[in-house]
Amino acid sequence: MFDNLAIAPPDPILGLEEAFKNDPNPAKINLTAGVYRDETGNTPIFRAVKQAEAEILETETTKSYLGITGAPEFAAAVQGLVFGPGSAVLAARRAITAHAPGGTGALRVAADFIRKANEQATVWLSQPTWPNHPSMMKAVGLAVQTYPYFDAAGNCVDFDAMMAQLHEVKPNDVVLLHGCCHNPTGADLSIGQWQEVAALLGQRGAVPLIDFAYQGFGRGLEEDAQGVRLLAEQLPEVLIASSYSKNFGLYNERVGALTVISRNAAVAQAALSQVKVAIRAIYSSPPAHGARIVTTILGSPELRAGWDAELTAVRSRIHEMRRLFVEGLHAGDRSRDFSFITAQNGMFSFTGLTKEQVQRLRSERSIYMVDSGRMNVAGLTRTNLPLVCEAIAAVL
Ligand code: LMR
């Protein structure tokens with residue numbers, strides 16, 4: 001049976017991580033996957049995480065299974081972070097949250113859930129989007145279409161084109177939106193634009209699926225949640241896939257969550273039962289450790305304040321790298337305006353480099369970024385930044 005298998009192409013992001021590892025050039029620079037690095041090029045463990053782990057090691061009494069949707073304390077912590085205090089959705093018990101292995105796990109459960117709710121649903125994805133989005137939706141047999149999102153000439157959201165396409169969505173279709181720090185463009189909707197999207201989706205009877213992987217990496221934990229909260233308040237049904245890979249640095253612990261908002265508390269319980277069916281058939285129940293860390297940190301005012309401060313420092317370093325990157329590019333090529341890079345949010349910069357230019361950077365300089373021209377700004381350091389700027393100037 002296996003003899004007929006063709007070799008699949010490498011993953012467009014994680015495949016490059018592998019290629020980077022295998023590159024023998026000691027001067028290689030990795031700007032591919034969305035993984036934060038500090039000034040020394042290391043991906044640090046948050047101090048708050050280490051402290052929480054020490055506490056867990058001390059107090060943990062069993063490794064028995066969690067329930068299918070994970071620990072209720074974790075679900076409550078996730079909801080607090082997503083919705084903030086005083087949420088009417090929470091007060092009305094319209095939201096249920098299931099712990100999932102990473103944001104990807106949450107999206108995959110969401111895909112199964114969507115198919116169960118409406119197997120005719122089309123899932124609308126921004127063009128461009130994270131390459132794993134179409135793969136996951138297609139994996140469960142859902143139809144996928146795209147809506148235009150990015151104006152490459154203006155380096156901003158092409159909101160008119162986006163809205164024109166979204167006027168075409170059918171009732172009970174699903175529109176995947178990036179809660180903040182759009183991956184790969186770094187171009188986010190303004191609050192006014194979120195408002196217009198909410199009104200249009202309400203009018204069309206479509207359901208947003210929000211990929212919320214970078215809360216705290218744009219402008220701040222609360223600021224980055226504004227669009228998500230606005231949709232949650234205004235629409236009867238919303239799906240939210242949260243990830244704690246980036247904002248808690250828990251990449252390999254695989255910790256995320258799927259939140260489903262339904263019209264009322266009774267429908268929410270039906271949704272919960274279907275989420276359980278989906279999870280049981282994929283991975284049965286979630287891994288505990290990462291979620292315990294998040295719950296411990298968010299449940300302790302002291303650890304939470306420490307984590308918040310560390311996350312603020314992470315965000316500031318990224319902002320600083322953006323500023324220095326623009327300065328460095330400008331020094332190499334005064335004829336171009338690179339200022340759009342400082343307006344982008346989160347880990348990524350959509351540099352505008354072509355696939356050919358990106359491939360030259362890789363083959364000639366061992367500088368790795370995604371073929372789309374997406375660069376992980378959080379991989380820049382004061383040491384590698386001049387080399388990257390000089391190499392980009394050379395391929396431009
Ligand atoms: C990315 O977009 O680089 C990250 O979300 C990592 C991944 O899994 O692709």
Side-chain angles (χ1 to χ4, degrees), residues 72 74-98 103 106-107 109-110 113-114 117-118 121 123-124 126 147 149 157 159 162-163 166-167 169-182 188-244 247 256-272 275 298 345-346:
F74 175 68
V78 170
Q79 292 182 351
L81 210 50
V82 170
F83 297 112
S87 157
V89 171
L90 294 185
R93 301 188 176 282
R94 289 176 47 215
I96 61 95
T97 296
L107 286 165
V109 174
F113 176 82
I114 292 163
N118 176 20
V123 180
W124 294 81
S126 66
Y147 59 87
Y149 185 78
V157 176
F159 192 63
M162 171 180 174
M163 292 298 275
L166 292 185
H167 268 96
V169 305
K170 298 188 302 297
N172 301 328
D173 272 357
V174 172
V175 177
L176 197 151
L177 299 157
H178 300 225
C180 63
C181 309
H182 184 269
D188 285 339
L189 300 178
S190 67
I191 279 300
Q193 290 171 335
W194 277 109
Q195 188 69 54
E196 287 187 49
V197 169
L200 179 60
L201 297 187
Q203 188 193 320
R204 302 298 307 160
V207 179
L209 163 58
I210 306 170
D211 186 346
F212 202 23
Y214 292 90
Q215 186 179 5
F217 268 78
R219 292 178 299 123
L221 283 167
E222 298 304 307
E223 294 85 341
D224 291 350
Q226 281 179 342
V228 177
R229 290 177 188 172
L230 192 145
L231 293 196
E233 276 159 27
Q234 300 193 8
L235 293 173
E237 296 177 346
V238 181
L239 296 155
I240 302 159
S242 303
S243 166
Y244 300 110
N247 52 13
L258 173 65
T259 298
V260 182
I261 301 174
S262 304
R263 193 175 299 279
N264 58 43
V267 182
Q269 287 311 305
L272 176 64
V275 165
L298 295 180
N345 265 329

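With contacts defined as side-chain heavy-atom distances shorter than 4.5 Å, the pair Val169/Leu200 does not qualify. Between Arg229 and Glu222 there is a side-chain heavy-atom pair separated by less than 4.5 Å. The closest side-chain heavy-atom distance from Val260 to Leu272 is not below 4.5 Å. Contact of the Phe159 side chain with the Val197 side chain is registered, since non-hydrogen atoms from C-beta on lie closer than 4.5 Å. A heavy-atom distance below 4.5 Å is not found between the side chains of Trp194 and Asp188. Between Leu177 and Met162 the shortest side-chain heavy-atom distance falls below 4.5 Å. Counting heavy atoms from C-beta outward, Ile261 and Ile240 have side chains that approach closer than 4.5 Å. With contacts defined as side-chain heavy-atom distances shorter than 4.5 Å, the pair Gln226/Arg219 qualifies.
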Stepwise, does the side chain to side chain contact (heavy atoms under 4.5 Å, CB included) test hold for Thr259 with Phe83? CA-CA 11 Å; Thr259 298; Phe83 297 112; 3.9 Å; yes
Could you please spell out the steps behind the side chain to side chain contact (heavy atoms under 4.5 Å, CB included) verdict for Tyr214 and Asn345? CA-CA 10 Å; Tyr214 292 90; Asn345 265 329; over 6 Å; no
Trace of the side chain to side chain contact (heavy atoms under 4.5 Å, CB included) decision for Val78 with Phe212: CA-CA 11 Å; Val78 170; Phe212 202 23; over 6 Å; no
Working for side chain to side chain contact (heavy atoms under 4.5 Å, CB included), residues Val82 and Thr97: CA-CA 11 Å; Val82 170; Thr97 296; over 6 Å; no
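Rounding to the nearest 0.5 angstrom, the gap separating the OG atom in Ser126 from the CG atom in Leu189 is 9.5 Å. Annotation: the span from Leu231 atom CG to Ile210 atom CD1 amounts to 4.5 Å, rounded to 0.5 Å. Distance check, rounded to the nearest 0.5 Å: CG of Leu239 to CG of Leu107 gives 10.0 Å. Trp124 CH2 to Leu209 CG: the interatomic distance, rounded to the nearest 0.5 Å, is 15.0 Å.
Gln215 places a side-chain N or O within donor-acceptor distance of the main-chain N or O of Leu81, the cut-off being under 3.5 Å. Under a 3.5 Å cut-off, the side chain of Gln79 and the backbone N or O of Ala76 do not form any donor-acceptor pair. The closest donor-acceptor contact from the side chain of Asp173 to the backbone of Ala206 lies at 3.5 Å or more, if one exists at all. Here the side chain of Asp211 pairs no donor or acceptor atom with the backbone of His178 at under 3.5 angstrom. Judged by distance alone, the side chain of Arg204 and the main-chain N or O of His167 form a donor-acceptor pair under 3.5 Å.
Here the shortest heavy-atom pairing between Pro208 and Leu201 reads CB-CD1, 3.8 Å. When every heavy atom of Ala265 is checked against every heavy atom of Ala92, the shortest pair comes out as CB-O, 3.8 Å. Between Gly256 and Phe74, the shortest heavy-atom contact is O-CE2, 3.6 Å. Nearest heavy atoms, Ala266 versus Asn264: N-OD1, 3.1 Å. For Ser262 against Val267, the heavy-atom pair with the smallest separation is CB-CG1, 3.7 Å. For the residue pair Val89 and Ala232, the shortest heavy atom distance occurs at CG2-O, 3.4 Å.
Checked against ring-ring contact (aromatic ring centres under 6.0 Å, His included), Tyr149 has the following partners two or more places apart in sequence or in another chain: His182.
Residues in residues 231-243 take part in these side-chain hydrogen bond (donor to acceptor under 3.5 Å, both in side chains) pairs, two or more places apart or across chains: Gln195-Gln234, Ser243-Ser245.
Asn172 and Asn118 share no side-chain donor-acceptor pair at under 3.5 Å.
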